[in-house]
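Since we're looking at a predicted model, the values are computed, not measured. No hydrogens, no waters, no symmetry mates; every other heavy atom, side chains included, goes into these values.
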Amino acid sequence: MTKYGSFPGARPRRLRTTPAMRRMVAEHRLHPADLILPAFVREGISEPVPISAMPGVVQHTRDTLRKAAAEAVGAGVAGIMLFGVPEDAKKDAAGTAGTDPDGILQLAIRDVKEEVGDDLVIMSDLCLDEYTDHGHCGVLDAGGRVDNDATLERYAEMAQVQADAGVHVVAPSGMMDGQVGVVRDALDQTGHEDTSILAYTAKYSSAFYGPFREAVGSSLQGDRKTYQQDPANLRESLRELALDLEEGADMVMVKPALPYLDVLAKVADTVDVPVAAYQISGEYAMIEAAAEKGWIDRDKAILETLTGIKRAGADMILTYWATEVARGL
């Protein structure tokens, strides 16, 4: 005997019946224009150098970086974030290779600009850690502590040389107090009013940075807990956010992404500027390692994590899978 009006009256599963139905009602969609490719360029090499902890990612030569940038454009990727890796002999206490107009990062910016022009948003890491012999993100005082205000002077110089090289966006990542304001002033006073700032607003002291240190040949001894944020704190991120916006940030970032989706969601709900999230090296390495073991479906896991970051509120996602995913999309 047929029953009418029986439980359940509501059946949400009706909207999950076919791939076409699920695609039609999807609340969030990834698009190639959401993605930014982080890329490393190393001085003094003739062939790309694989990064052992990040399968599929390399330290580029200047020529292969050009190719990677062109491929990103072809896939529809929005931007590229450049990190320079100088020769060890050029590292010093002040990170002077980072402000050398002919330093590796500035040369890479010019190379990519020449290769793709304005078809790709060219971004540059604005930090000293790749260039210092002690591996910290700033200069040290007599007691070995990172000197905030002396470091700001170096960041101002970095901003100028990176903008002179043609970068569209500088990304101060050192978590120094006042860094956005100093960089904005330096850019404006040197005729670079149109150069944007992507602020590393909430950059946490994370265990997931490990593979990145191999990628940039870090010389770090110790940790960065006196300037990067404590993973236990959320309100602190909102204070950093308010300061960055007051100082002139055009865009803001949360880093890492997956362990801090709550922070990302709170930031996205608070601001009226574009919000980025960085799916960092350790996040990448975990998925690649588990997939290599056959424990997870690699491609599905990549898309699921990126969709989760998008759902949490990111307008832009920095991911080492940017070109690959963009092609698939």
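For residues 21-31, no pair satisfies side chain to side chain donor-acceptor pair (under 3.5 Å), with sequence neighbours left out. Residue pairs meeting the ring-ring contact (aromatic ring centres under 6.0 Å, His included) criterion with at least one partner in residues 153-177, sequence neighbours excluded, are absent. Judged as a ring-ring contact (aromatic ring centres under 6.0 Å, His included), the pairs with a partner in residues 279-302 (not counting sequence neighbours) are, in order, Tyr284-Tyr320, Tyr284-Trp321. For residues 181-206, the set of pairs meeting the ring-ring contact (aromatic ring centres under 6.0 Å, His included) definition, not counting sequence neighbours, comprises Tyr204-Tyr260.
For the side chain to side chain contact (heavy atoms under 4.5 Å, CB included) test, residues two or more places apart in sequence or in another chain that qualify with Val73 are Val116, Asp119, Leu120. Partners of Thr307 by side chain to side chain contact (heavy atoms under 4.5 Å, CB included), not counting sequence neighbours, listed by chain and number: Leu30.
Val49 and Phe40 fall into different hydrophobic clusters, defined by Ile, Leu, Val, Met, Phe, Trp and Tyr side-chain heavy atoms under 4.5 Å apart, directly or through other members. Note on Met253: it clusters hydrophobically with Val121, by side-chain heavy-atom contacts below 4.5 Å among ILVMFWY residues. By the rule that hydrophobic residues join a cluster once side-chain heavy atoms approach within less than 4.5 Å of another member, Ile36 and Ile302 end up as members of one cluster. Taken together through direct or relayed side-chain contacts under 4.5 Å among Ile, Leu, Val, Met, Phe, Trp and Tyr, Val252 and Leu243 form parts of separate hydrophobic clusters. Val180 and Val161 are not part of a single hydrophobic cluster, where members link through side-chain heavy atoms under 4.5 Å apart.
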- Task: Evaluate the criterion side-chain contact (heavy atoms from CB on, under 4.5 Å) for residue pair Leu35 and Val325; output intermediate values, then yes/no.
- Result: CA-CA 9 Å; Leu35 305 176; Val325 169; 3.9 Å; yes
- Message: Could you walk me through whether Arg298 and Glu288 satisfy the salt bridge (charged side-chain N to carboxylate O under 4.0 Å, His left out) test, starting with their C-alpha distance in whole Å, then the side-chain angles of each, then the deciding distance to 0.1 Å, before giving a yes or no?
- Response: CA-CA 7 Å; Arg298 176 185 180 275; Glu288 291 287 353; 3.0 Å; yes
- Message: Set out, in order, the CA-CA distance, both residues' side-chain angles and the distance that settles side-chain hydrogen bond (donor to acceptor under 3.5 Å, both in side chains) for Thr96 and Asp92, then state yes or no.
- Response: CA-CA 7 Å; Thr96 53; Asp92 59 26; 2.4 Å; yes
- Verdict with supporting geometry, Lys113 and Asp118, side-chain contact (heavy atoms from CB on, under 4.5 Å): CA-CA 7 Å; Lys113 184 79 170 182; Asp118 295 333; 2.9 Å; yes
- Criterion side-chain contact (heavy atoms from CB on, under 4.5 Å) on Met175 and Glu240, from CA distance to verdict: CA-CA 9 Å; Met175 291 300 289; Glu240 293 278 5; 3.9 Å; yes
- Message: Run Leu37 and Met81 through side-chain contact (heavy atoms from CB on, under 4.5 Å) and show every step you take.
- Response: CA-CA 6 Å; Leu37 176 68; Met81 177 69 77; over 6 Å; no
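Side-chain contact between Arg42 and Thr61: absent, with no pair of heavy atoms (C-beta onward) separated by less than 4.5 Å. The closest side-chain heavy-atom distance from Val169 to Ile122 is not below 4.5 Å. Counting heavy atoms from C-beta on, the side chains of Leu105 and Gln162 come closer than 4.5 Å. Residues Met176 and Val146 are in side-chain contact: their nearest non-hydrogen atoms beyond the backbone lie under 4.5 Å apart. Within the 4.5 Å cutoff, the side chain of Ile104 has no heavy atoms near those of the Val85 side chain. Between Leu82 and Val167 there is no side-chain heavy-atom pair separated by less than 4.5 Å. Side-chain atoms of Leu187 and Glu193, non-hydrogen and from C-beta on, never get closer than 4.5 Å to each other. Counting heavy atoms from C-beta outward, Val254 and Thr201 have side chains that stay 4.5 Å or more apart.
In terms of modelled atom types and a separation under 3.5 Å, the side chain of Gln160 and the main chain of Ala156 share no donor-acceptor contact. Judged by distance alone, the side chain of Gln106 and the main-chain N or O of Asp100 form a donor-acceptor pair under 3.5 Å. In terms of modelled atom types and a separation under 3.5 Å, the side chain of Asp230 and the main chain of Asn233 share no donor-acceptor contact. Tyr278 contributes no side-chain N or O that, together with a main-chain N or O of Lys203, makes up a donor-acceptor pair within less than 3.5 Å. For Asn148 (side chain) and Asp177 (main-chain N/O), a donor-acceptor pair under 3.5 Å exists by modelled atom type. The closest donor-acceptor contact from the side chain of Glu283 to the backbone of Pro256 lies at 3.5 Å or more, if one exists at all. Judged purely by atom type and a 3.5 angstrom limit, Gln279 has no side-chain atom pairing as donor or acceptor with the backbone of Leu318. In this structure, the side chain of Asp315 engages the main chain of Val275 through a donor-acceptor pair within 3.5 Å. Between the side chain of His136 and the backbone N or O of Gly138 there is no donor-acceptor pair closer than 3.5 Å.
Ser206 contributes atom OG, which lies 8.5 Å from atom CD of Gln228 (distance to the nearest 0.5 angstrom). We find the CD-CZ distance between Gln179 and Arg154 to be 14.5 Å, quoted to the nearest 0.5 Å. Summarising the geometry, atom CG belonging to Leu65 is positioned 5.0 Å from atom CD1 belonging to Ile80; distances are rounded to the nearest 0.5 Å. To the nearest 0.5 angstrom, Phe83 atom CZ is 4.5 Å from Asp125 atom CG. A distance of 11.5 Å separates NZ in Lys67 from CD in Glu115, rounded to the nearest 0.5 Å. Note that the CG atom of Leu329 and the CG atom of Leu303 stand 6.5 Å from one another [nearest 0.5 Å].
Neither side chain, Ser205 nor Gln229, offers a donor N or O lying under 3.5 Å from an acceptor on the other. With 3.5 Å as the limit, one finds no donor-acceptor pair spanning the side chains of Arg145 and Thr226.
Remark: Asp262 does not engage Lys266 in a salt bridge, criterion side-chain N to carboxylate O under 4.0 Å. Using a 4.0 Å cut-off between charged side-chain N and carboxylate O, Arg66 and Glu71 make no salt bridge. Between Glu236 and Arg239, no side-chain nitrogen of the basic residue sits less than 4.0 Å from a carboxylate oxygen of the acidic one, so the salt-bridge criterion is not met. Salt-bridge formation is detected for the pair Glu43/Lys90: a Lys NZ or Arg NE/NH1/NH2 atom is positioned less than 4.0 Å from an Asp or Glu carboxylate oxygen.
Residue Tyr131 comes nearest to Pro86 through the heavy atom pair CD2-CG, 3.6 Å, listed as atom of the first residue, atom of the second, then distance. Shown here for Ala94 and Val139, the closest heavy-atom pair between the two residues is CA-CG1, 3.9 Å. In plain terms, the two heavy atoms of Gly178 and Leu152 that are nearest each other are C-CD2, 4.0 Å. Between Leu128 and Gly95, the closest heavy-atom pair is CD2-O, 3.9 Å. Of all heavy-atom pairs spanning His60 and Ile45, the tightest one is O-CD1, 3.7 Å. When all heavy atoms of Ser196 and Asp250 are compared, the closest pair comes out as CA-OD2, 3.4 Å.
Residue Glu87 places its CD atom among more than 12 non-hydrogen atoms of other residues, nucleotides or ligands, all under 6.0 Å distant.
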